[in-house]
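Let me begin by presenting the structure, written as structure tokens, before commenting on it.
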Amino acid sequence: MSDNQTNHTPLSLVRPLTQEERQLAHAAAEEAVMRDIGERPQREHYNQYATHRYPPMVTKLISGLCVVLLLAAFTPSAIRLYVIGSSTFGAAVPYELAMIAVGIATVLTAEVGQVVFSLALATLGTTPSARRLLYASMGIATAIALVGNVQLALPGHVESPFAWLEAIAPPILVLSTAYVLKEQMLEAIELRHANERAYQEAVNDWQRATINPEAHSQWMQFYANALRDALRKSNSRRREVLEGLNTANWRALIYRELQADNWYETPTIPVTPEAADPQTEGGVEAYTVPLALNANGHSGHSVGGE
């Protein structure tokens, strides 16, 4: 027994949809697919996609302590570097403003240079040559800090172990603290990159899904529901007929609507062989051409290039 015979209500009593109504149903199905896919992903929803290895409070605490230690180690070392830089320069150029400027420049070159070159490795050290350059620059800045501190702090205290520590420790601690900050910066960069990559992948998936709603896995279900709603609206005065339809009847009606726009095919007509032209050899073989309408509405075709 066919689907149409599973219910005694004749399907012919259900008025088919017009082309415009089917187009509206198609648009309604596309809107349903868009609602099912959801809205475009928002960047703020992916800010915490990748998580830290440690709780954020621990990371912030370490960063804060590193800053405190950096300032503590920087202070005695910077003072000595300022004094030795300005005095050494003043021996050759005895100008007070120039000596002050060179003293400040010495501090920046040594202490700040250590931090800058160490942190730069986190972002700029992407090639072997760049890393070698940054490591060499960091070594030069550290050497300036060590030599300046030792030369100024040890005279008269060479036999004092604490004097050696007090001279050498600050530059090394500045370098070590900069390394810790560099590692934390690297981790933060990795997390931001992972969050950004997840967001871009979600946006790409959303764009692929929305650019062609008919490629959705549930497209036919959404379209069938839209066609059924359109049929119910179009046949609202035939409520008794609609109430008598079962699932098989609805499937048959939906299939009828799906095939409604595919009824037309370009017909072809046979062309009989024509007599051979006296000035040409052989004849024209028989073939078929599509039937077309002239501007006056009559059918016509061209044969043999006429």
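This is a predicted model, so every value here is computed, not measured.
With values rounded to the nearest 0.5 angstrom, Leu186 atom CG is found 9.5 Å from Leu119 atom CG. Rounding to the nearest 0.5 Å places CD of Glu257 at 4.0 Å from CG of Leu17. Summarising the geometry, atom CZ belonging to Arg22 is positioned 7.5 Å from atom OH belonging to Tyr223; distances are rounded to the nearest 0.5 Å. Here NZ of Lys233 is found 12.5 Å from CG of Leu231. Values are rounded to the nearest 0.5 Å. Here Asn249 contributes atom CG and Leu11 contributes atom CG; the two are 5.0 Å apart, rounded to the nearest 0.5 Å. The OG1 atom of Thr177 lies 11.5 Å from the CD1 atom of Ile172; values are rounded to the nearest 0.5 Å.
The side chain to side chain contact (heavy atoms under 4.5 Å, CB included) test with Asn212 is passed by exactly one of Glu214, Arg208, His216: Glu214.
For the pair Lys182 and Ser118, the tightest heavy-atom approach, listed with the atom from each and the gap, is CD-O, 2.9 Å. The two residues Ala73 and Val174 make their nearest non-hydrogen contact at CB-CG2, 3.8 Å. Nearest approach of Val107 to Tyr82, heavy atoms of both residues: CG2-N, 3.7 Å. Between Ala226 and Ala25, the closest heavy-atom pair is CB-O, 3.2 Å. Closest approach of Arg80 to Ala153, counting heavy atoms only: CD-CB, 3.9 Å. Between Pro170 and Leu165, the shortest heavy-atom distance links the atoms CD-O, 3.8 Å.
Remark: the backbone N or O of Gly38 is paired with a side-chain donor or acceptor of Trp206 at under 3.5 angstrom. Using modelled atom types, one side-chain atom of Gln42 and one backbone atom of Arg40 make a donor-acceptor pair closer than 3.5 Å. With hydrogens and angles disregarded, no donor-acceptor distance shorter than 3.5 Å links the side chain of Arg43 to the backbone of Tyr199. Between the Arg228 side chain and the Trp250 main chain, no donor and acceptor come within less than 3.5 Å of each other. In this structure, the side chain of Thr88 engages the main chain of Ile84 through a donor-acceptor pair within 3.5 Å. Panel note: side chain Asp36, backbone Ala32; no donor-acceptor pair is recorded below 3.5 Å. Gln114 contributes no side-chain N or O that, together with a main-chain N or O of Ala178, makes up a donor-acceptor pair within less than 3.5 Å. Judged by distance alone, with hydrogens and angles left aside, the side-chain atoms of Glu21 form no donor-acceptor pair with the main-chain N or O of Ala230 at under 3.5 Å.
Val180 and Leu71 are assigned to two separate hydrophobic clusters, defined by single-linkage of ILVMFWY side chains at heavy-atom distances under 4.5 Å. There is no path of hydrophobic side-chain contacts, each under 4.5 Å, that joins Leu152 to Phe89. Residues Leu175 and Phe74 are members of separate hydrophobic clusters, defined by side-chain heavy-atom contacts under 4.5 angstrom among Ile, Leu, Val, Met, Phe, Trp and Tyr. Grouping the Ile, Leu, Val, Met, Phe, Trp and Tyr side chains by contacts below 4.5 angstrom, directly or via other members, places Leu154 with Leu146. Linking ILVMFWY side-chain heavy atoms closer than 4.5 Å, directly or via other members, places Val83 and Ile144 in two distinct hydrophobic clusters.
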Please step through side-chain contact (heavy atoms from CB on, under 4.5 Å) for the pair Cys66 and Leu70, ending with a clear verdict. CA-CA 6 Å; Cys66 284; Leu70 188 64; over 6 Å; no
One pair to check against side-chain contact (heavy atoms from CB on, under 4.5 Å): Thr210 and Met34. What are the steps and the verdict? CA-CA 7 Å; Thr210 55; Met34 296 296 292; 3.5 Å; yes
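The shortest side-chain heavy-atom distance between Leu81 and Asn149 falls under the 4.5 Å cut-off. Proximity of Gln184 to Leu181: side-chain heavy atoms (C-beta onward) are separated by under 4.5 Å at one or more points. Inter-residue side-chain proximity for Val102 and Val93 is flagged as unmet; no heavy-atom pair is nearer than 4.5 Å. Here the side chains of Asn262 and Gln259 are in contact, with some heavy-atom distance below 4.5 Å.
Residue Glu20 places its CD atom among 12 or fewer non-hydrogen atoms of other residues, nucleotides or ligands, all under 6.0 Å distant. Heavy-atom neighbours of Tyr179 OH from other residues, nucleotides or ligands within 6.0 Å: at or below the threshold of 12. Counting heavy atoms of neighbouring residues, nucleotides and ligands inside a 6.0 Å radius, atom CD of Glu96 does not exceed 12 of them. Heavy atoms from other residues, nucleotides or ligands lying under 6.0 Å from CD of Gln151 number 12 at most.
When only modelled atom types and interatomic distance are considered, His193 and Arg197 share a side-chain donor-acceptor pair under 3.5 Å. With no hydrogens or angles considered, no side-chain donor-acceptor pair links Gln200 and Asn204 at under 3.5 Å.
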